[in-house]
Amino acid sequence: MMSCGTACSCSLQMQFQQRSSSARQKKLPAAASPAASRICSSIPEHDEEEEDSALLALLRAHDTDAAFALFSSNPDLLPCSPTTASRLLAQLSFNSSFSRAALVLQRLRARNALSLLDANALSLAAAAAARSGNATLAHSLILYMLRQGLFPDRRAYTATVARLSPASPRKAVRLFDAVLRHLRDRGELEVPLSCLPDTAAFNAALNACADAGDCSRFRQLWLEMQEQGCAPDSVSYNIFIKMCARLGRKDLLPRVLHSMLSLAGVAPCATTFHSLVAAYVGFGDIATAETIVQAMREGRKDISSLLLLRDADVSTTTTQEATVDQSAALLDDILLLVKSTGNQDQEVHPNLLLPQAYPPNARVYTTLMKGYMNAARIHDVLATLRAMRREAQTTTFPASRPDHVTYTAVISALVAAGDVDRARAVLDGEMAADGVPANRVTYNVLLKGYCHNLQMAKARELFATMLETNNIEPDVVTYNTLMDGCVLTDDTQGALALFNEMRSRGIAPSTVSYTTLMKAFAAAGQPKTAHKVFHQMQSDPTRVKVDRAAWNMLIEAYCRVGQLETAKQVVFELVPAHGR
DNA sequence: TTAGGGTTAG
């Protein structure tokens, strides 16, 4: 665990801090740096020292709140010693809301004083930034540390890679690579143990590769982690399943489970089966997903051989699928490698059993429901809900009790099937009876149902219930949905009013909000107003991305009223912007 | 510290 800087009892941490401060000294002698002299000239010297020691005293007394109060009450106050600055940031990052730590960083940066911070404080800040959802800041902090020759703690870069991955998986992979390179370049003896990657760190990077669809890097990392003594665990294998799913390698799924059981000796976890069900659902193979869920309900331990046998049956009866992408073929290699590095004495058992039973939980069932929904099998969605409630009541599998996500999935399926009344009945009926509260997403789905059914009065009534009776704050999706409802009912002014209401609530419009508002004006035959909205989107301070749909909407607005020349001009404007 | 169910446009 990273030290918060308050105790420093761990000798390794001490060693680490000493090393990093000597590195800093080499780079930036505090007295000679122009930044430092500027800071010193802005405040009388004795005051600065006094304030610094007052701050340090509070921090040493573990009164982080008081220290922050002192810091924030005086905008000119800047900790001038590395100890105070690092300690302030470390303690705020460790046990306070991140916005406080961010303020300290902001002020230090504005005064060019980031070099006061030691590796421990920067690592804690990066981890806190990642935890609070600020992936960009966490990313910059880790890169800054690398540039300064400091070693980020593994928890810091693991959290950062994980937080970057969903939106920018390639960036996440690059960051992890940069960290590995940095560690390698410094030689192992110098690197503090807490900075070396562990299985969790590699898992975060593997997951980023899976998100990026980067099979070849995935394979390298899989090998590299083992070279570094980090054995893949069940999470690694779950990510492997996800990678197979992304690359269309349905054929590998039974082999992954088999390899983990027989050759690597890794016990699956509940999520392994969830991942498998999700993968099969993604392939549209509901029958196999059902087989797994049914086997889980029966408490069977032979799921691995069940899948292998099923796979063998299917291969003989169906023609081979389209040729496998070359990079995806690398995954075969990994399974072979598992074989060669695994326990050679252990016999490959065709009827390998799971170490325990894995009863299905609400997540597994909800994933199966998604499969039914995709196949428009609404009766099976409802049957699954009934089965879950029955199972939970008979207490065989309390984990299968439907929760708010399950109910939202059911309501979503009913809405997709065009049955809003039934969807509403689930909200007021089963959901209420089970004491499962609806959340914003549930309401958003139902609102979409009413809007698509052109029942705007009902939509507005539900919107009011959501806000007033249940105190659920709307979000940008809520407003986009309602605005779209207005467009569908030719209510241009209504759409505009909602757009403004959203902004007055402090909710930032998204690209979809702008496009929907443009759609309203386009439908009303007002291309110029649509164009104004487009300009607003381009100059939005929250920097929404003007995407293809927005350009298309603008072109359509002019085409609708027969202004083809203006539409052409827009196209010419678009062409250089998109390089076509 | 990593995986894994539910929502918005064109």
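Here is how names work: the chains are called A, B, and so on, in the same order as the sequence lines, proteins then strands, and each is numbered from 1. Keep in mind it's a predicted model, so treat the numbers as computed, not measured. Because only heavy atoms are used, hydrogens play no part in the values below, and waters and symmetry mates are left out as well, while side chains stay in.
- Atom-to-atom, CG of Asp475(A) to C1' of dG6(B) comes out at 13 Å; the value is rounded to the nearest Å.
- A straight line from CE of Met483(A) to C1' of dT7(B) spans 16 Å, rounded to a whole angstrom.
- When the P atom of dT2(B) is taken as reference, atom OH of Tyr157(A) falls 14 Å away, rounded to whole Å.
- Rounded to whole Å, the distance from OH on Tyr407(A) to C1' on dT7(B) is 19 Å.
- At least one side-chain nitrogen or oxygen of Lys448(A) sits closer than 4.0 Å to the OP1 or OP2 atom of dT8(B).
- Comparing dG5(B), dT8(B), dT2(B) by their nearest atom to the side chain of Ala200(A) picks out dT2(B).
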Inset, instruction - Start with the C-alpha distance between Tyr365(A) and Arg401(A), add both sets of side-chain angles, then the distance that settles side-chain hydrogen bond (donor to acceptor under 3.5 Å, both in side chains), and finish with yes or no. - result: CA-CA 10 Å; Tyr365(A) 278 120; Arg401(A) 180 177 183 271; over 6 Å; no

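- Nearest nucleotide to the Ala204(A) side chain, out of dT2(B), dG5(B), dT7(B): dT2(B).
- Under the ring-ring contact (aromatic ring centres under 6.0 Å, His included) rule, Phe534(A) has a single partner from Trp551(A), Tyr514(A), Phe521(A), which is Trp551(A).
- When the P atom of dA3(B) is taken as reference, atom CZ of Arg246(A) falls 11 Å away, rounded to whole Å.
- Annotation: salt bridge (Lys or Arg N to Asp or Glu O under 4.0 Å) contacts involving residues 428-437 of chain A, sequence neighbours excluded, comprise Arg389(A)-Asp434(A), Arg424(A)-Asp428(A).
- For the pair Asn207(A) and dT2(B), the criterion of a side-chain N or O lying under 4.0 Å from OP1 or OP2 is not met.
- Residue contacts shown for Ser234(A) are absent, as no nucleic acid heavy atom lies under 4.0 Å away.
- Base engagement by Val441(A) is indicated by at least one non-hydrogen atom pair under 4.0 Å involving a base atom.
- Picking from dT1(B), dA3(B), dA9(B) the nucleotide with the shortest atom distance to the side chain of Cys269(A) gives dA3(B).
- Residue-level contact check: Asn552(A) touches neither bases nor backbone, having no heavy atom under 4.0 Å from any strand.
- In the set dG5(B), dA3(B), dG6(B), dG5(B) carries the atom at the smallest distance from any side-chain atom of His274(A).
- When atom types are taken as modelled, the side chain of Ser236(A) and the backbone of Asp233(A) share a donor-acceptor pair closer than 3.5 angstrom.
- You'll find that the side chain of Val445(A) is closest to dT7(B), out of dG5(B), dA3(B), dT7(B).
- Computed from coordinates, the Met243(A) CE to dT2(B) P distance equals 20 Å when rounded to whole Å.
- Closest to the side chain of Thr408(A), out of dG4(B), dG6(B), dT2(B), is dG6(B).
- The separation between Ile411(A) atom CD1 and dG5(B) atom P is 20 Å, rounded to whole Å.
- Residue Asn203(A) has its side chain nearest to dT2(B) when only dT2(B), dA9(B), dT7(B) are considered.
- Between dT8(B), dG4(B), dT2(B), one nucleotide has an atom nearer to the side chain of Thr271(A) than all others, and that is dG4(B).
- Whole-Å rounding puts the Leu175(A) CG to dT1(B) P distance at 16 Å.
- The local environment of CZ in Arg422(A) is sparse, with at most 12 non-hydrogen atoms from other residues, nucleotides or ligands closer than 6.0 Å.
- Across every non-hydrogen atom of Thr478(A) and Leu447(A), the tightest pair is CG2-CD1, 3.6 Å.
- Phosphate contact (OP1/OP2 of dG4(B), side-chain N/O of Ser275(A), threshold under 4.0 Å): absent.
- Of the candidate nucleotides dA3(B), dG6(B), dA9(B), dG6(B) has the atom lying nearest to any side-chain atom of His404(A).
- Regarding contacts with the backbone of dG6(B), every side-chain N or O of Arg440(A) stays at 4.0 angstrom or more from both OP1 and OP2.
- DNA chain B lies under 4.0 Å from at least one heavy atom of each of the following residues of residues 361-379 of chain A: Ala362(A), Arg363(A), Thr366(A), Thr367(A), Lys370(A).
- Shortest non-hydrogen contact noted between Ala231(A) and Thr199(A) is O-OG1, 3.1 Å.
- Nucleic acid contact class of Asp403(A) (heavy atoms, under 4.0 Å, all strands): base.
- Among all heavy-atom pairs drawn from Ala438(A) and Leu427(A), the shortest one is CB-CD1, 3.5 Å.
- Side chain of Ser412(A), nearest nucleotide from dG4(B), dG6(B), dT2(B): dG6(B).
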Mind listing the side-chain donor-acceptor pairs of residues 238-247 of chain A below 3.5 Å, one per line with the distance, residues two or more places apart or on another chain?
{"unit_1": "Asn238(A)", "atom_1": "OD1", "unit_2": "Thr272(A)", "atom_2": "OG1", "d": "2.9"}
{"unit_1": "Asn238(A)", "atom_1": "ND2", "unit_2": "Ser234(A)", "atom_2": "O", "d": "3.4"}
{"unit_1": "Lys242(A)", "atom_1": "NZ", "unit_2": "Asn207(A)", "atom_2": "OD1", "d": "2.6"}
{"unit_1": "Lys242(A)", "atom_1": "NZ", "unit_2": "Asp211(A)", "atom_2": "OD1", "d": "2.9"}
{"unit_1": "Arg246(A)", "atom_1": "NH1", "unit_2": "Asp211(A)", "atom_2": "OD1", "d": "3.2"}

